Amino acid sequence: MGQHSPGPPGPQASRQPSSRQAALRGGVLGAGSESEEVGKSGPGSPPVGLLPCLDSACSCPGSLPVVPAPGGCKEGTGSAFTCPARVAQSDHGCAMRTALVYHEDMTAAQLLWEDPECEIERPERLTAALERLRQWGLEQRCLQLAAREASEAELGLVHSPEYVSLLRGTQTLSTRELQALSGQYDAVYFHPSTFHCARLAVGAALQLVDAVLTGAVHNGLALVRPPGHHSQRAAANGFCVFNNVAIAAKYAKQRHGLHRILIVDWDVHHGQGIQYIFEDDPSVLYFSWHRYEHGHFWPYLRESDADAVGQGQGRGFTVNLPWNQVGMGNADYVAAFLHVLLPVAFEFDPELVLISAGFDSAIGDPEGGYHLESLSQSVCMVVKALLGDPALPLSGPMEPHHSALESIQSVRAAQTPHWKSLRQQGSTPILNPSTYSLERRASPVSPGGPKFKAAEAQASAALSSLLDQLHLNPTLPVRTAVALTALDAALVLPADVLRQEGSAPQEETRAWARLHEALAQDKALTALGKVLHLLNGILDGQVSSGIAATPEPAAAPTLDVVIRRSLSHGARRLLCVAVGQLDRPADLADDGRNLWLNIRGKEAAAPSMFQVSVPLPGTTGGFVSCVLALVLPLAYGFQPDLVLVALGPAHGLQAPQAALLASLLRGPAGGRVLVLLEQVSWAGGGCAGGGGGGRWGATSDLLLPPLLPAQGSTSQLAGILARVLQGEAPPGLGPFSMASPEDTQALIYLRGQLEAEWKMLQVAGEAGGHGPG
């Protein structure tokens with residue numbers, strides 16, 4: 001197995017530097033939970049081959065099964081079969097950021113007898129998801145990898161030899177024998193093909209681990225069946241045969257030498273199998289949110305509660321967030337991310353993230369994660385996110401339920417002794433005593449019954465509403481555009497980021513420039529024309545996000561114009577995050593349509609709920625805490641339809657900090673983010689105001705720049721920001737360091753001032769049960 005870092009990799013641990021750490025920060029794997037599925041290639045699909053890599057310059061492990069894209073490589077190699085790792089390293093335009101792993105054989109296993117509890121786990125879960133991926137054009141955008149069977153030695157990384165032997169023997173059992181064996185486990189059925197299917201499910205996860213860790217792709221999704229997160233060392237459980245994600249984590253440690261792996265389990269049921277396997281292992285951080293209902297929901301385990309934090313050296317590396325009320329919504333899940341998962345994850349600093357992705361809590365699914373329409377739509381949304389597409393803005397009131405806040409308070413109380421990041425936001429919360437009871441277990445809702453039909457009708461209506469929202473928010477023609485007046489060799493952009501070559505009409509530009517004398521200068525006027533042209537593209541729905549630059553004396557006046565132009569031409573709610581020496585425009589109305597947040601303010605202050613100022617924290621931990629505990633709760637609570645990020649004079653952000661801020665602010669506004677940079681050095685001006693209309697031109701640059709030191713040119717910073725707005729992971733912040741007492745006090749003060757109006761700032765339930773639910 002891989003060697004651990006010295007001591008536990010938690011807040012008190014020293015860290016071994018990892019050469020692959022920055023590269024792996026964005027590597028995300030989905031595999032092995034209740035709704036993971038595999039599709040089939042279908043008639044006329046290209047052949048699948050296990051191809052040896054003969055390229056000495058390639059970093060792959062030797063060979064990877066690939067499904068070639070239709071038509072082969074469009075340019076460059078001349079071969080339709082190219083090693084995936086080499087594809088990612090090449091510059092011929094065929095590189096893909098996301099892998100999709102599946103195998104049609106995983107549809108073979110099916111229930112051979114009547115069993116209402118098990119009949120919902122059926123092959124259509126795979127075929128429906130794959131069909132929808134193809135309809136949306138998402139499969140074609142991914143690197144398609146064919147799943148292989150895991151070896152019995154790989155299965156033995158987690159499971160006992162006796163259990164593996166037992167499963168091997170199911171291939172020759174009769175239907176009656178299979179039914180009798182299935183009855184020895186909880187919610188499991190076996191089929192003569194189960195052993196083959198389950199080995200493919202594990203192998204798909206391992207294929208994806210190899211692809212991510214060799215640099216073939218940034219991330220990926222394994223569509224697998226059967227699922228895995230309930231499976232234990234010597235027992236099948238809850239439709240799960242082999243524990244796909246747990247084996248993948250063990251494999252990543254053994255084969256690739258990783259020391260810190262984060263597993264996020266977002267299934268509605270607790271993944272007790274994963275928890276048992278890693279409960280004493282400090283190299284694997286396991287996080288699960290799940291329906292619990294004080295122990296009255298399956299699997300009815302005391303160890304699914306918040307105070308189960310791991311054993312021995314693994315204490316603090318099991319994080320359970322139990323939902324004790326049905327009907328948790330967007331605000332509850334976002335609060336869990338911001339106040340529990342992300343603070344701990346940043347501090348843990350994983351080298352790889354594995355997601356056990358179950359969709360049985362998704363909208364439209366009344367029970368169990370097996371509503372095919374909801375399931376397939378959820379899979380598509382996950383793949384779009386992995387590809388870097390902006391997520392839909394969240395709908396509904398952003399106010400967590402009282403029950404959700406109680407759960408968050410309980411898990412923070414249980415975990416605060418183990419994680420510095422949870423101690424930076426205020427006093428230690430008190431752990432509520434458990435109300436777990438083996439009595440009054442909830443009866444499962446039987447498919448076909450009146451309660452099920454009523455729940456299904458309500459869920460279908462909610463799903464239809466969401467699908468309508470999808471049609472109202474189509475993918476925009478341009479995801480990211482960059483508009484800089486002076487371009488230099490340091491500006492290196494991804495291939496699909498566009499360089500804006502045009503400007504707004506002179507008449508429009510000069511009309512706005514008359515508001516500020518500083519904008520009358522040629523350089524400032526030229527820059528303003530480019531900014532307005534880019535802003536118009538965002539407001540008109542042609543561009544999702546963009547980056548523009550202004551000369552030093554014109555940063556504040558240009559920001560003022562952009563705010564006024566946005567509010568007068570379509571933006572209903574505008575969030576402005578101003579970093580540096582930038583003052584809020586004096587005559588800007590405090591009418592609730594704009595939220596002004598100044599980072600690097602002189603002091604912590606909140607003159608109103610829509611005007612907030614906070615000093616720039618001086619440590620990585622302080623900066624992360626400021627973003628997660630203040631900036632993002634305000635942003636999600638405000639629900640803007642456009643976010644402005646202005647990096648003004650003396651903003652003080654390092655490039656990775658600026659990239660993280662821009663990346664995380666894509667979420668609240670559905671990817672509509674405009675970043676304004678102060679141009680440090682200018683190499684020429686150009687015609688004031690430019691020509692009318694302008695055009696969008698594509699860049700052909702593909703090479704990625706190295707991580708920047710604390711200071712870099714405007715062009716270098718613009719290149720990094722363009723990549724994160726395009727959906728790539730931001731570079732790492734470096735080692736975690738505790739926030740200073742002054743920064744912690746500033747954060748506590750502002751949260752106390754604002755949480756009555758901004759409910760997303762709350763991290764604990766109030767006495768008396770305020771809030772919905």
Side-chain angles (χ1 to χ4, degrees), residues 327-343 390-409 412 425-426 469 563 566-567 571-579 584 588-599 601 604-614 624-645 660-673 746-766 769-773:
M328 296 303 171
N330 290 332
D332 306 302
Y333 284 102
V334 171
F337 267 118
L338 298 183
H339 301 312
V340 179
L341 174 58
L342 289 181
L392 287 175
L394 299 179
S395 59
M398 295 303 290
E399 181 175 350
H401 289 79
H402 177 71
S403 177
L405 292 176
E406 287 183 331
S407 295
I408 290 172
Q409 180 185 26
R412 284 171 56 88
Q425 299 178 9
Q469 187 183 359
I563 292 173
S566 301
L567 293 174
R572 294 169 299 172
R573 291 183 300 277
L574 176 69
L575 168 63
C576 182
V577 180
V579 189
R584 183 178 183 274
L588 186 62
D590 194 12
D591 56 3
R593 292 187 61 206
N594 64 90
L595 171 58
W596 173 272
L597 175 57
N598 181 217
I599 302 176
S608 79
M609 66 178 291
F610 298 108
Q611 301 180 45
V612 182
S613 176
V614 60
V624 169
S625 187
C626 177
V627 172
L628 298 181
L630 181 68
V631 177
L632 290 179
L634 291 175
Y636 278 103
F638 185 57
Q639 296 179 284
D641 44 22
L642 177 62
V643 173
L644 298 180
V645 179
L660 177 66
L661 181 64
S663 176
L664 293 175
L665 284 171
R666 295 178 77 222
R672 299 206 337 157
V673 178
L747 186 60
I748 293 172
Y749 169 76
L750 287 173
R751 291 170 62 87
Q753 292 291 306
L754 295 166
E755 66 178 9
E757 289 84 10
W758 298 105
K759 303 300 183 182
M760 290 302 298
L761 290 170
Q762 297 179 0
V763 295
E766 301 174 17
H770 297 286

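Keep in mind that this is a model prediction, so the values were computed, not measured.
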Close side-chain approach of [X] and [Y], heavy atoms under 4.5 Å:
{"X": "M760", "Y": "L634", "result": "no"}
{"X": "R672", "Y": "P640", "result": "no"}
{"X": "N330", "Y": "M398", "result": "yes"}

I need the [X] [atom1] to [Y] [atom2] distance, nearest 0.5 Å.
{"X": "R572", "Y": "Q639", "atom1": "CZ", "atom2": "CD", "answer": "10.0 Å"}
{"X": "N594", "Y": "L588", "atom1": "CG", "atom2": "CG", "answer": "4.0 Å"}
{"X": "H339", "Y": "Q409", "atom1": "NE2", "atom2": "CD", "answer": "12.5 Å"}
{"X": "L747", "Y": "L630", "atom1": "CG", "atom2": "CG", "answer": "6.0 Å"}
{"X": "D590", "Y": "W596", "atom1": "CG", "atom2": "CH2", "answer": "12.5 Å"}
{"X": "N598", "Y": "C576", "atom1": "CG", "atom2": "SG", "answer": "9.0 Å"}

For a quick test of reading the model, state the closest non-hydrogen atom pair linking [X] to [Y] and the distance between them.
{"X": "P400", "Y": "A331", "value": "N-CB, 3.7 Å"}
{"X": "V763", "Y": "I408", "value": "O-CG2, 3.7 Å"}
{"X": "A669", "Y": "D641", "value": "CB-C, 4.1 Å"}
{"X": "G670", "Y": "P390", "value": "O-CB, 3.3 Å"}
{"X": "R666", "Y": "V673", "value": "CA-CG2, 3.9 Å"}
{"X": "L754", "Y": "S608", "value": "CD2-O, 4.3 Å"}

Between W758 (side chain) and M609 (backbone), is there a donor-acceptor pair under 3.5 Å?
->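 Side chain of W758 to backbone of M609, a donor-acceptor pair under 3.5 Å: yes, one is there.
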So, does R593 use its side chain to make a donor-acceptor pair with the main chain of L567 at under 3.5 Å?
->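 Checking the backbone N and O of L567 against the side chain of R593, a donor-acceptor pair under 3.5 Å is found.
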Of the options L338, V631, V627, which is the one that meets L664 in a side-chain contact (heavy atoms from CB on, under 4.5 Å)?
->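 Going through the options one by one, the only one that passes is V627.
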